[in-house]
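Notes follow the structure.
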Amino acid sequence: MGFADDAKETAEAVGDKIQDTWEDTTDRIGDKVDEMKADANVKKAEAEKDSVEKRNEIKEDLRNS
């Protein structure tokens, strides 16, 4: 092989590595976004649960008064 062929193969290998790195990075970002959305949904559900429990507690106190 000549110098040009070696350079072409090296450039292709570097290009493949850059593409793989880019895909890994975008996957990681997507995973983190999904994780943050799930955390937000959990916090929202916990807040709703606390609200319902407090409302039920107040209703029960009113019934016992």
- Message: A side-chain contact here means heavy atoms from C-beta on lying under 4.5 Å apart; do Asn56 and Glu60 qualify?
- Response: no
- Message: Rounded at 0.5 Å granularity, tell me how far CD in Glu57 sits from CG in Leu62.
- Response: 11.0 Å
- Task: Check whether any side-chain heavy atom of Glu23 lies under 4.5 Å from a side-chain heavy atom of Asp20, and answer yes or no.
- Result: yes
- Hey, are Glu46 and Lys43 close enough for a salt bridge, meaning a charged N less than 4.0 Å from a carboxylate O? no
- Query: CG/Asp31 to CG/Asp24 distance, rounded to the nearest 0.5 angstrom?
  - Reply: 10.5 Å
- Any donor and acceptor pair, going by atom type alone, linking the side chain of Thr25 with main-chain N or O of Thr21 inside 3.5 Å? yes
- Answer whether the closest heavy-atom distance between the side chains of Arg63 and Lys59 falls below 4.5 Å. yes
